[in-house]
Amino acid sequence: MSLDGTYDPDNIFAKILRGEAPCARVFEDDHVLSFMDVFPQAKGHTLVIPKHSTARNLLEEDPQILSPLILGVQRVARAVRAALEPDGIVITQFNGATAGQTVFHPHVHILPRWDGVAVGRHASGGMADLNELKDLAEKIAAKIA
Ligand code: AMP
């Protein structure tokens, strides 16, 4: 998948948004949905996605959708910090397969980091247990301000 192409309405995040696939939900408002990454690179790896997007990446995204997305990212990242007390937090996103993008619906990664703890490989580690992810999601959700 290159940077250019057609939005696939059956991508996994579109399915999660329609309730056709499960997720460990952290937070939701009119604009964004946040849930735990199912192949986490670190404990507490959380995603934030726009709810009303048909863009494939950030470059294509409507500014009116991007603005509430980044506000949602800040809100969830603050909750991740409060819940898990990491030493740092990586906030990132990828555009195009060559850059590492694997799901072609815009999304932002929130990746807590702890001193001395290596980060896992992107989108290729083991699948996490959904119940464990739900516990983490609850802890983070409890800190949403
Ligand atoms: P990217 O590779 O930047 O497009 O990010 C996509 C992310 O979505 C990766 O970190 C995957 O681990 C994650 N992912 C893929 N499928 C699911 C799913 N069903 N639920 C939660 N996260 C997922």
Side-chain angles (χ1 to χ4, degrees), residues 1-63 65-84 86-114 117-144:
M1 286 265 191
S2 74
L3 279 173
D4 301 306
T6 308
Y7 181 81
D8 173 10
D10 285 327
N11 75 73
I12 185 65
F13 292 173
K15 286 185 176 172
I16 287 172
L17 282 168
R18 291 197 297 268
E20 295 167 9
C23 74
R25 188 164 65 91
V26 172
F27 170 72
E28 183 169 6
D29 65 12
D30 289 346
H31 306 282
V32 301
L33 172 67
S34 175
F35 51 92
M36 305 312 295
D37 195 299
V38 83
F39 300 102
Q41 291 178 255
K43 183 176 100 173
H45 183 170
T46 307
L47 301 170
V48 184
I49 72 173
K51 281 173 130 177
H52 309 292
S53 179
T54 52
R56 298 168 73 252
N57 55 52
L58 181 136
L59 282 72
E60 291 178 354
E61 192 54 278
D62 182 338
I65 288 181
L66 273 183
S67 305
L69 175 63
I70 196 65
L71 294 175
V73 169
Q74 185 192 51
R75 198 167 177 194
V76 175
R78 285 174 168 169
V80 167
R81 181 185 186 185
L84 303 178
D87 299 309
I89 301 180
V90 176
I91 294 179
T92 192
Q93 59 86 225
F94 305 93
N95 300 281
T98 304
Q101 186 177 8
T102 58
V103 178
F104 292 83
H105 179 104
H107 54 278
V108 178
H109 297 260
I110 297 172
L111 199 56
R113 297 296 311 273
W114 285 267
V117 179
V119 70
R121 288 177 59 200
H122 175 68
S124 56
M127 194 181 218
D129 177 78
L130 197 57
N131 287 325
E132 282 176 24
L133 291 184
K134 283 183 176 165
D135 285 348
L136 275 167
E138 264 179 42
K139 282 196 181 101
I140 297 167
K143 299 291 184 181
I144 293 279

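Whatever order the structure lists ligands and atoms in, that order sets their numbers, starting from 1.
Considering only heavy atoms from C-beta on, M36 comes within 4.5 Å of I140 through its side chain. Taking 4.5 Å as the limit, some side-chain heavy atom of L84 sits within range of a side-chain heavy atom of L136.
When each atom of ligand 1 is checked for a heavy atom of T102 under 4.0 Å away, the hits are 1 (P), 2 (O), 4 (O), 5 (O), 6 (C). When each atom of ligand 1 is checked for a heavy atom of L47 under 4.0 Å away, the hits are 8 (O), 22 (N). Contact atoms of ligand 1 toward G100: 2 (O) (distance under 4.0 Å to a heavy atom of the residue). Listed by atom number, the atoms of ligand 1 under 4.0 Å from M36 heavy atoms are 21 (C).
Ligand 1 has no N or O atom lying under 3.5 Å from any N or O atom of P22, backbone or side chain. Geometrically, ligand 1 and I12 share no nitrogen or oxygen pair separated by less than 3.5 Å.
Within 6.0 Å of the NZ atom in K143, the count of heavy atoms belonging to other residues, nucleotides or ligands does not exceed 12. Within a 6.0 Å radius of CZ in R121, no more than 12 heavy atoms belonging to other residues, nucleotides or ligands are found. Residue R78 qualifies as open at atom CZ: its count of foreign heavy atoms under 6.0 Å is 12 or below.
Within the 4.0 Å heavy-atom cutoff, H107 counts among the residues contacting ligand 1. Under the 4.0 angstrom criterion for non-hydrogen atoms, Q41 is not in contact with ligand 1. Residue contacts with ligand 1 include F35, since one of its heavy atoms falls under 4.0 Å from the ligand.
For the pair D8 and K15, the salt-bridge criterion is not met [side-chain N within less than 4.0 Å of a carboxylate O].
Ring geometry for H109 versus H45: interplanar angle of 30 to 60°, hence tilted. Ring orientation note: the planes of F13 and F35 are nearly perpendicular, at an angle over 60° on the 30°/60° scale.
Looking at atom 8 (O) of ligand 1, its nearest protein heavy atom turns out to be F13 CZ, 3.3 Å. The protein atom (non-hydrogen) at minimum distance from atom 21 (C) of ligand 1 is V38 N, 3.4 Å.
Taking only non-hydrogen atoms, the option from I49, D37, L111, I16 nearest to atom 14 (N) of ligand 1 is D37. Proximity annotation for atom 3 (O) of ligand 1: of Q101, H105, Q93, H109, H109 comes nearest, heavy atoms only.
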Step-by-step ring pair (Phe, Tyr, Trp, His ring centres under 6.0 Å) determination, H105 to Y7: CA-CA 8 Å; H105 179 104; Y7 181 81; 5.7 Å; yes
